[in-house]
Protein chains: 2
Amino acid sequence: MSFTEFQKTVNLSKQRIYSEAFAQYRQSIRVKKEMTAVKNLSRIFDATLRISNKKGFPSMTMRDLSRETGLSMGALYTCFSSKEDLLEMLQRQGRLIVDRFLKQATEAETEPRAKLNGAVKTHLYLSEAMQPWFYFSYMEAKNLTKKQAKMAVDSELYTEQVFLDILNEGQERGVFVPRDYRLMASLIKAMVQDWYLKRRKYAKRQVSVDQYADFVLALVEAFCLAPQEVTTLNQEE
Amino acid sequence: MSFTEFQKTVNLSKQRIYSEAFAQYRQSIRVKKEMTAVKNLSRIFDATLRISNKKGFPSMTMRDLSRETGLSMGALYTCFSSKEDLLEMLQRQGRLIVDRFLKQATEAETEPRAKLNGAVKTHLYLSEAMQPWFYFSYMEAKNLTKKQAKMAVDSELYTEQVFLDILNEGQERGVFVPRDYRLMASLIKAMVQDWYLKRRKYAKRQVSVDQYADFVLALVEAFCLAPQEVTTLNQEE
DNA sequence: GTCTATACACAGATAGAC
DNA sequence: GTCTATCTGTGTATAGAC
């Protein structure tokens, strides 16, 4: 799947998930009509990401948010019960989308190299399609409650584990040579993160997400691929 | 130089630089005796890093800082004129140390592979010796003034340029094969940053800074080294 | 449901005693 | 030089009119 197609499916699923978010938070939300709630919540989430990614969530005031959304303070507080509650909702709905996409994507391939390729591309595509949310989650991790922070760390470790499992399986099957794959998985994660953390730098240099993905994969394979696989690769070309 | 030796030289130079910081900020500091100022400033800087790296600089209150340093609010404000001023001083003194060490380190080697090795190790050692400051600078970049933010970005690009120059020179001399070295330099930087951003994760897994450095270098060389260099490498062993 | 006006808490900063 | 007590601004959150 190309990135453009991927982007579309993410946007579609966003709408569904906003509705689900409303259902889940119905208790803590005063607004009763779903349409109003979803419409406002999506504006609020977008505005929160825009403002927070400029000056940080703790420095974003409710008056900032009121200005950016065009809603009054009163209207804002019918959608959430506190600033902390807003953070939690934003956090949760983002993870909902991410989890859904990552789970479905890892099931497609079976061959280790194709699996690795798929995993890296899915992660990069997803972080590109939801860049503001990924950036926000990384930078505001400190402001989360203990429970929320643990979930954030867990989901990061889960990602790493996906890479690690693929690398280990590849080694067992003789596709990859023995290496410290724990460390390798961490570094793949680090490189994937750099893509959304330094989004502007790469945009300025006109590096596309596909170029980035291919480069990271080539780098990792140069280090991990067994010699016979490299030969196979050359014959294919 | 081993990391332990490196650590010592950094600590020595810290003392000198605190004195210099005092000299530089003499105008905006009310305290007159150098000894008092330096003693307090170093306590304040350390406490600021400790608190901010837990909850973020904007969420750190002056009362937090007062508690952590054991100094009263009044005493704090004799050392700096505002919270923003404190941020600027901390930022500047950190960069002073970093610049000094990076400049002196790049001059030592001439051969491309040794140069790359030296550059990566110096960066990792320095970020390890001053981990709280590096973490702080990365995370609080949003809170800096425009001028300060530009300096932070510049110094990041400078680092990348150091790696890029080494890689390009290596390619010209036939030690490295042709690659997109702009992107390669960015990824090296990303991996170096991951070391100080995820300090706890690596500590928990008992990965030492030397292990990390060696792994990153092996990964990069597997991708960039010309075939004849790999042969040379194997013969050496 | 949405607005305006306001309550209340707490932040940064300083004055003045010692 | 350092302390305690206090000023003033601004942030979150809500009450009540429309």
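Letters A, B, ... are given to chains in the order of the sequence lines, protein chains preceding strands, and every chain is numbered from 1. Keep in mind the model is a prediction, meaning the values are calculated, not measured.
- Contacts of A:Ser72 with the nucleic acid, taken as non-hydrogen atoms under 4.0 Å apart, include base atoms.
- The CG atom of B:Leu41 sits 11 Å away from the P atom of D:dT2 (whole-angstrom rounding).
- Separating the CG atom of A:Leu65 from the C1' atom of D:dG11 is a distance of 13 Å, rounded to the nearest angstrom.
- Following rounding to the nearest Å, A:Phe80 (CZ) and D:dT14 (C1') show an atom-to-atom distance of 13 Å.
- When rounded to the nearest whole Å, the span between CZ of B:Arg67 and P of D:dT2 equals 20 Å.
- Set against D:dA13, C:dT2, D:dT2, the side chain of B:Thr36 has D:dT2 as its closest nucleotide.
- Taking a cutoff of 4.0 Å between a charged side-chain nitrogen and a carboxylate oxygen, B:Arg43 and B:Glu68 do not qualify as a salt bridge.
- Distance from the side chain of B:Met62 is smallest for C:dG12 among the nucleotides C:dG12, D:dT2, D:dA13.
- Nucleotide C:dA13 holds its P atom 10 Å from the CE atom of B:Met60, rounded to whole Å.
- Nucleotide D:dG11 holds its P atom 10 Å from the CE atom of A:Met73, rounded to whole Å.
- Side-chain atoms of A:Trp133 never come within 3.5 Å of backbone atoms of A:Ser127 as a donor-acceptor pair (strictly under, hydrogens ignored).
- Ion pairing between A:Asp154 and A:Lys150 holds under the 4.0 Å rule for side-chain N and carboxylate O.
- The distance between atom CG of A:Asn40 and atom P of C:dG1, rounded to the nearest whole Å, is 10 Å.
- Using a 30° and 60° split on the angle between ring planes, B:Phe163 and B:His123 fall in the tilted class, from 30° to 60°.
- Taking atom CG of residue B:Leu76 and atom P of nucleotide D:dT4, one finds them 12 Å apart after rounding to whole Å.
- Distances from the side chain of B:Thr78 to the nucleotides D:dT2, C:dC3, D:dT12 place D:dT2 closest.
- Considering only side-chain N and O atoms, B:Tyr77 lies nowhere under 4.0 angstrom from the phosphate OP1 or OP2 of C:dT14.
- Checking the phosphate oxygens (OP1, OP2) of D:dG11, a side-chain nitrogen or oxygen of A:Arg63 falls inside 4.0 Å.
- Among residues two or more places apart in sequence or in another chain, the ring pair (Phe, Tyr, Trp, His ring centres under 6.0 Å) test is passed with B:Tyr212 by B:Trp195, B:Tyr202.
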